[in-house]
Protein chains: 2
Amino acid sequence: MKIGFIGLGIMGRPMALHLQKAGHELFVPERASLKDEIRQVATVLADPAAVAAAAETTILMVPDTPDVEAALFGPRGVAEGIGAGKLVIDMSSISPTATKTFAARIQEKGGDYLDAPVSGGEVGAQQATLTIMVGGSDAAFERAKPLFEAMGKNITLVGGTGAGQTCKVANQIIVALTIEAVGEAMVFASKAGADPAKVRQALMGGLATSRILELHGERMIKRTFNPGFRIALHQKDLNLALQSGKELGVALPNTASTQQLFSACVAAGAGQLDHSALVKALEIMSAHPVAEG
Amino acid sequence: MKIGFIGLGIMGRPMALHLQKAGHELFVPERASLKDEIRQVATVLADPAAVAAAAETTILMVPDTPDVEAALFGPRGVAEGIGAGKLVIDMSSISPTATKTFAARIQEKGGDYLDAPVSGGEVGAQQATLTIMVGGSDAAFERAKPLFEAMGKNITLVGGTGAGQTCKVANQIIVALTIEAVGEAMVFASKAGADPAKVRQALMGGLATSRILELHGERMIKRTFNPGFRIALHQKDLNLALQSGKELGVALPNTASTQQLFSACVAAGAGQLDHSALVKALEIMSAHPVAEG
């Protein structure tokens, strides 16, 4: 299939290369930052409009809602190259409510639209093991499925337009709040004089079991905070959750307080560390670092 | 071994019966509420002091810190029957700081002391699959191990006196805050128009994976709130966490807010429901029940 790919950063680059290796033809817009490994295998065109005109399916993987809006609807954006039978897949993590507007505007031009944000990070992108959460029609999903299968593993059509982004927000809420929960437990146990490593061990296997207790709990104890997934990015995702919550009328009390702890981490210069370093905000509040007992 | 058992309620009764079946001799204090199944297999003595005097090891399984204090140090309490070579095991879930005081007072009389709270609830007690978190000396732990193995499965010596209770508090913090996290995500997804069952499905296997998402997430969606573990009991455990946090100088921001949500559930008449019904407080705040999309 002829695939347009917009956003060839840390995530997008390995994803695009997996598609090319699976036999698809890549079209990308010119940018000074384009890496040689992409130039060697892709057709480089002038702008997103030219890419969308040349491709059957155009994929976006950019940082935030305004970046998606600019790539789709800015001057010489994707929308100018869209017509009947073309598919746009936004794999960025952006606002579920803005997604509905973007999809409607693409559909007005005869195109189809899927929102398909991912989790699994840089490692998942490189190993083609991303979790992909999809919103849109059954028909568009079936059409895009071979592309998703080249980039990820756990692929779910969650519902209609916006449901993929909604699911991603739900994921980021649970991950952040579970990290915070493990952080409170580890600081409490450590300051009470127990060995947090033994506490973590005793809790694994019971109701407190989680991927976060396993992975991020260990990082808190071993003090390995190299990312991973950066606090600054998770902060952006919780902003999205709180903004969407406000628009939808959903109260998210612990998302709000956890976002404040991320802010405290950024203030302490920890914004570029892995999100497990959220525990640092709790350690500052309790004047006690997690330490083996 | 000659075992004294004090506190033969929903948890203590099956635990004591497992010990008896494993070949131990049971001694229990007289109480009007003693069930026939206990009277038939145990020697009933006048009071806790007589039980502790007759037994080598005396186990307590009572509701709260003041109940342990009364059983140990009240008139004709366990302490009056304690001497050199005797062991007290408190399997109740109580204050880690009070535990250190209780242990010191028993040790003054020549006895040894373990704190060994459990998780796994009524089902774990009946099936002898309790998780047992132990604080105390290596020697006392080795001595008590065969008893623990008759009642539970995942048995860990976490550290010195109080470490078992500290570990249990850490467990209850993580469990409550993870339920709250899943609740926020489910209400958000549902009010955004997604099907919470599909969102849960898409998130299982990724970083958001937890025993709570699996079990309690399903209960929130299917509205099966029969306990399980009651909100009123988890509220008691978070009180313990917040009280201990205050004594130790540990800030527990999301434990505090989650405790408020448990209070809101109690106010709404949900205190006797399973702790997964915490989602009801979030639903009230967002004027939206979790419903399949």
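Letters A, B, ... are given to chains in the order of the sequence lines, protein chains preceding strands, and every chain is numbered from 1. Only a predicted model underlies this, so the values are computations on that prediction, with no experimental measurement involved.
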Segment of B:M204 engaging chain A (4.5 angstrom heavy-atom cut-off): backbone
More than 12 heavy atoms from other groups under 6.0 Å of NZ on B:K236: yes
Top contributor to chain A interface from B:G205, B:A163, B:A202, B:G183 [non-hydrogen pairs under 4.5 Å]: B:A202
Chain B interface, residue from A:L282, A:T255, A:I132 that has the most non-hydrogen pairs under 4.5 Å: A:T255
Contact class of A:I155 relative to chain B, heavy atoms under 4.5 angstrom: neither
B:Q126, CD atom: more than 12 neighbouring heavy atoms under 6.0 Å: yes
Heavy-atom pair count under 4.5 Å with chain A, highest-scoring of B:E184, B:R211, B:K198: B:E184
Straight-line distance of B:T209 OG1 to A:L213 CG, nearest 0.5 Å: 13.0 Å
Gap between atom CG of A:N254 and atom OG1 of B:T178 - 0.5 Å precision: 10.5 Å
Under 4.5 Å from a heavy atom of chain A, the part of B:M285 involved: both
pair A:M133-B:L203: side-chain heavy atoms closer than 4.5 Å: yes
Residue selection (most heavy-atom pairs with chain A, distance under 4.5 Å) from B:L207, B:L157, B:V169: B:L207
Which of B:L261, B:V182, B:V134, B:L248 touches chain A most, by non-hydrogen pairs under 4.5 Å: B:L248
Proximal component of B:T156, with respect to chain A [non-hydrogen, under 4.5 Å]: side chain
Engaged part of A:A241 at the chain B interface, taking heavy atoms whose separation is under 4.5 Å: backbone
Portion of B:S244 that has a non-hydrogen atom of chain A nearer than 4.5 angstrom: both
B:Q107, CD: over 12 other non-hydrogen atoms inside 6.0 angstrom: yes
Minimum heavy-atom distance A:A181-B:I174, with the two atoms named: O-CG1, 3.8 Å
A:S210 to B:S210 - nearest heavy-atom pair and separation: CB-CB, 3.5 Å
Pairs of heavy atoms under 4.5 Å with chain A: top-ranked of B:S257, B:S119, B:A192, B:G245: B:A192
Side chain proximity check, B:E180 to A:L177, heavy atoms < 4.5 angstrom: yes
Partner chain B: residue of A:G249, A:G162, A:A189 with the largest heavy-atom pair count (under 4.5 Å): A:G249
Top contributor to chain B contacts, counting heavy-atom pairs under 4.5 Å, from A:T131, A:N171, A:I173, A:V175: A:N171
Side chain / backbone / both / neither for A:N154 at chain B, heavy atoms under 4.5 Å: side chain
Among A:G206, A:A287, A:C167, residue most engaged with chain B (heavy-atom pairs, under 4.5 Å): A:C167
